[in-house]
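Just so we're clear, the structure is a prediction, and the values are computed from it rather than from any experiment.
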Amino acid sequence: MSIPDQEPAPISAELAARCATIELLAVDVDGVLTDGCIVVDDHGVESKNFYVRDGLGFTLWRRAGKRSAIVSGRSAEVVNRRAAELKIDHVAQGINDKASALRALLVEFGLDASQVCYVGDDLIDLPALGVVGLAACPADAVAEVRRASHLTTRSIGGRGVVREVVEVVMKAQGLWHAACEGYRVPAV
C-alpha cells in the first residue's frame, strides 16, 4: 500500500506533453474512486468508501475550468450522490463499452481524444484507455492496465488516485500553484 499523501512521481517530458492538452478527466469508480470493495447490507443497500482527498482533487480541477465525468461498469445510487456533491459534469453508470461512452463524451463536450484523461483499473477499462490522450491507473491496477497506461499513480485505488492524477496534470499545465493558493499556510 502506498502512502496517499506522498509526492507524485516525477513528470517526464512525454507525460508532460500528454498532460498539456487535458480538459476532461473521466474516471471509473470501483478500484479508482474506491478500494474496489462493494458493501451491501441486509436490505440490499450498497455503500462505498470515497477518499476525501479525491474530492478536493475534483474541486481543484473544476475551479481550474476543467470538466469531469464518471464512467462506471456498475450502477449505484451512492455514486450519483457523490458525483452531485462534487459537481461532476457527467455520470454514466452500467456501461459495458466504456470506449464508446468516452467517444460520445468527446462529441457532447466538443473535445478531441487528446484532451481526455481516463483513469481505470481493470480489464473492462482497457478499450477506454486506448481512446484517450492520457491513460492513467492506480498502483494496484491489473498488470494489463498498468502496461496500457501512460501514468501509474503511486496511490492505490480508493486512496488518492484522482487527487494524484489531478496534481500531475495541473502541474504539467502550470496550474497547480495557483490552484493551491487559498490553502497555503499564512506567514506568521
**Q** Sequence neighbours excluded, which residues qualify as side-chain hydrogen bond (donor to acceptor under 3.5 Å, both in side chains) partners of Arg62?
**A**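 Once residues adjacent in sequence are excluded, Arg62 has no partner under the side-chain hydrogen bond (donor to acceptor under 3.5 Å, both in side chains) criterion.
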
**Q** Determine yes or no for a side-chain-to-main-chain donor-acceptor pair under 3.5 angstrom, with Arg18 supplying the side chain and Gly133 the backbone.
**A**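 It does hold such a pair.
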
**Q** Would you compute the distance between atom CD of Glu14 and atom NE2 of His150 and round it to the nearest 0.5 angstrom?
**A**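 Reported to 0.5 Å precision, the distance equals 7.0 Å.
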
**Q** State which residues pass side chain to side chain contact (heavy atoms under 4.5 Å, CB included) with Asn49; sequence neighbours excluded, sorted by chain then number.
**A**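 Listed in chain order: nothing, the list is empty.
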
**Q** Mind checking side chain to side chain contact (heavy atoms under 4.5 Å, CB included) for Ala92 and listing every partner two or more places apart, or none if nothing turns up?
**A**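 Expected list: His90, Ile95.
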
**Q** Applying side chain to side chain contact (heavy atoms under 4.5 Å, CB included), can you list everything that pairs with Val39, at least two apart in sequence or on another chain?
**A**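 If we apply the side chain to side chain contact (heavy atoms under 4.5 Å, CB included) test to Val39, skipping adjacent residues, the hits are Ser47.
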
**Q** Check the pair Thr34, Val29 against side-chain contact (heavy atoms from CB on, under 4.5 Å), reporting the backbone distance first and the verdict last.
**A** CA-CA 6 Å; Thr34 75; Val29 175; 4.1 Å; yes

**Q** What distance separates Ser12 OG from Leu151 CG, expressed to the nearest 0.5 Å?
**A**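 Going from the OG atom of Ser12 to the CG atom of Leu151 covers 9.5 Å.
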
**Q** Please collect all salt bridge (charged side-chain N to carboxylate O under 4.0 Å, His left out) contacts where either partner lies in residues 105-121, sequence neighbours excluded, each pair once.
**A**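 Output for this query is empty, none listed.
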
**Q** Please report the closest heavy-atom contact between Ala128 and Leu102, naming both atoms and the distance.
**A**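 What the structure gives for the nearest pair is CB-CD1, 3.5 Å.
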
**Q** Report the residues that fulfil salt bridge (Lys or Arg N to Asp or Glu O under 4.0 Å) with Arg82, sequence neighbours left out, ordered by chain and then residue number.
**A**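 Partners of Arg82 by the salt bridge (Lys or Arg N to Asp or Glu O under 4.0 Å) criterion, ordered by chain and then number, come out as Glu85.
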
**Q** So, do Val79 and Ser72 sit near enough that their side-chain heavy atoms are less than 4.5 Å apart?
**A**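 No, too far: nothing below the 4.5 Å cut-off.
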
**Q** Spell out, yes or no, whether Leu86 and Leu105 are grouped together once hydrophobic residues are joined by side-chain heavy atoms under 4.5 Å, including indirect joins.
**A**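 The answer is no; the residues belong to distinct hydrophobic clusters.
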
**Q** Identify the two heavy atoms, one from Val32 and one from Asp54, that lie closest to each other, and give their separation to 0.1 Å.
**A**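 So the two residues come closest at O-OD2, 4.3 Å.
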
**Q** Please answer whether the main-chain N or O of Gly94 pairs with a side-chain N or O of Ser75 as donor and acceptor at a distance below 3.5 Å.
**A**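 Yes, because the side chain of Ser75 sits within donor-acceptor range (under 3.5 Å) of the backbone of Gly94.
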
**Q** Does any part of the side chain of Leu33, heavy atoms only, come nearer than 4.5 Å to the side chain of Phe58, both counted from C-beta?
**A**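 Side-chain contact under 4.5 Å: yes.
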
**Q** Taking Leu60 as the starting point, is it possible to reach Leu175 by hopping between hydrophobic residues whose side chains are less than 4.5 Å apart?
**A**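 Result: yes, single cluster for both.
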
**Q** So how far is it from Glu167 CD to Ile11 CD1, rounded to the nearest 0.5 Å?
**A**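 Those atoms lie 8.0 Å apart.
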
**Q** Under 3.5 Å, side chain of Asp140 to main-chain N/O of Gly157, donor-acceptor pair present?
**A**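 Present.
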
**Q** Would you check if the side chain of Gln93 reaches a backbone N or O of Val71 as a donor-acceptor pair within less than 3.5 Å?
**A**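 Here the side-chain-to-backbone pair does not exist.
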
**Q** Which residues, ordered by chain and number, are linked to Val107 in its hydrophobic cluster, where ILVMFWY side chains connect at heavy-atom gaps below 4.5 Å, directly or through other members?
**A**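 Noted: Val107 shares its cluster with no other residue.
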
**Q** Might you confirm whether atom CZ of Arg146 has over 12 heavy atoms from other residues, nucleotides or ligands at distances under 6.0 Å?
**A**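 Counting neighbours around CZ of Arg146, more than 12 heavy atoms of other residues, nucleotides or ligands fall under 6.0 Å, so yes.
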
**Q** Which pair of non-hydrogen atoms, one from Gly57 and one from Arg163, has the smallest distance, and what is that distance?
**A**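 That closest heavy-atom pairing would be CA-CD, 4.0 Å.
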
**Q** Is there a continuous path of hydrophobic side-chain contacts, each under 4.5 Å between heavy atoms, that joins Val132 to Leu15?
**A**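 Hydrophobic grouping puts Val132 apart from Leu15.
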
**Q** Tell me, please, which residues at least two apart from Glu181 pass salt bridge (Lys or Arg N to Asp or Glu O under 4.0 Å).
**A**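 Partners of Glu181 under the salt bridge (Lys or Arg N to Asp or Glu O under 4.0 Å) test: Arg184.
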
**Q** Nearest heavy-atom pair of Ala172 and Ala16: which atoms, and what distance?
**A**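 In this case the closest contact between Ala172 and Ala16 is CB-CA, 4.1 Å.
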
**Q** Can you check side-chain contact (heavy atoms from CB on, under 4.5 Å) on Tyr118 and Val165, steps first, answer last?
**A** CA-CA 10 Å; Tyr118 180 73; Val165 170; over 6 Å; no

**Q** Among the clusters formed by ILVMFWY side chains lying less than 4.5 Å apart, do Leu56 and Val168 turn up in the same one?
**A**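 Cluster IDs for Leu56 and Val168 match.
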
**Q** Tell me the closest heavy-atom pair linking Gly120 and Leu129, and the distance in Å.
**A**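 Heavy-atom minimum between the residues: N-CD2, 4.2 Å.
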
**Q** Using side chain to side chain contact (heavy atoms under 4.5 Å, CB included) as the criterion, list what pairs up with Ile38, not counting sequence neighbours.
**A**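 Partners of Ile38 under the side chain to side chain contact (heavy atoms under 4.5 Å, CB included) test: Asp30, Val40, Glu46, Lys48, Arg74.
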
**Q** Could you check if a side-chain atom of Val91 sits within less than 4.5 angstrom of a side-chain atom of Asn80, using non-hydrogen atoms only?
**A**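 Yes, close enough: below the 4.5 Å cut-off.
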
**Q** With rounding to the nearest 0.5 angstrom, report the CD to OG1 distance, Glu164 to Thr152.
**A**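 If I round to the nearest 0.5 Å, the distance is 9.5 Å.
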
**Q** Considering only heavy atoms from C-beta outward, does the side chain of Tyr51 approach that of Val162 to under 4.5 Å?
**A**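 No, side chains not in contact.
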
**Q** Of all heavy-atom pairs between Ser149 and Ala136, which one has the smallest distance, and what is that distance?
**A**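 In terms of heavy atoms, the two residues are closest at OG-C, 3.8 Å.
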
**Q** Between Val131 and Val145, is there shared hydrophobic-cluster membership here, with clusters defined by ILVMFWY side-chain heavy atoms closer than 4.5 Å?
**A**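 Yes, Val131 and Val145 fall within the same hydrophobic cluster.
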
**Q** Which residues pass the side-chain hydrogen bond (donor to acceptor under 3.5 Å, both in side chains) test with Arg67, not counting sequence neighbours?
**A**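 Arg67 satisfies side-chain hydrogen bond (donor to acceptor under 3.5 Å, both in side chains) with no other residue.
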
**Q** Could you tell me whether a side-chain N or O of Asp35 sits under 3.5 Å from a main-chain N or O of Cys37, the two making a donor and an acceptor?
**A**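 Yes, Asp35 side chain to Cys37 backbone: donor-acceptor pair under 3.5 Å.
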
**Q** Excluding sequence neighbours, so at least two apart, what forms side-chain hydrogen bond (donor to acceptor under 3.5 Å, both in side chains) with Thr59?
**A**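 By the side-chain hydrogen bond (donor to acceptor under 3.5 Å, both in side chains) rule, Thr59 matches no residue at all.
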
**Q** Which pairs would a plain distance check flag for residues 19-28, meaning a side-chain donor or acceptor within less than 3.5 Å of a matching protein atom at least two apart in sequence or in another chain?
**A**
| residue | atom | partner | partner atom | Å |
| --- | --- | --- | --- | --- |
| Thr21 | OG1 | Ser114 | O | 2.7 |
| Glu23 | OE2 | Lys66 | NZ | 3.0 |
| Asp28 | OD1 | Lys98 | NZ | 3.1 |

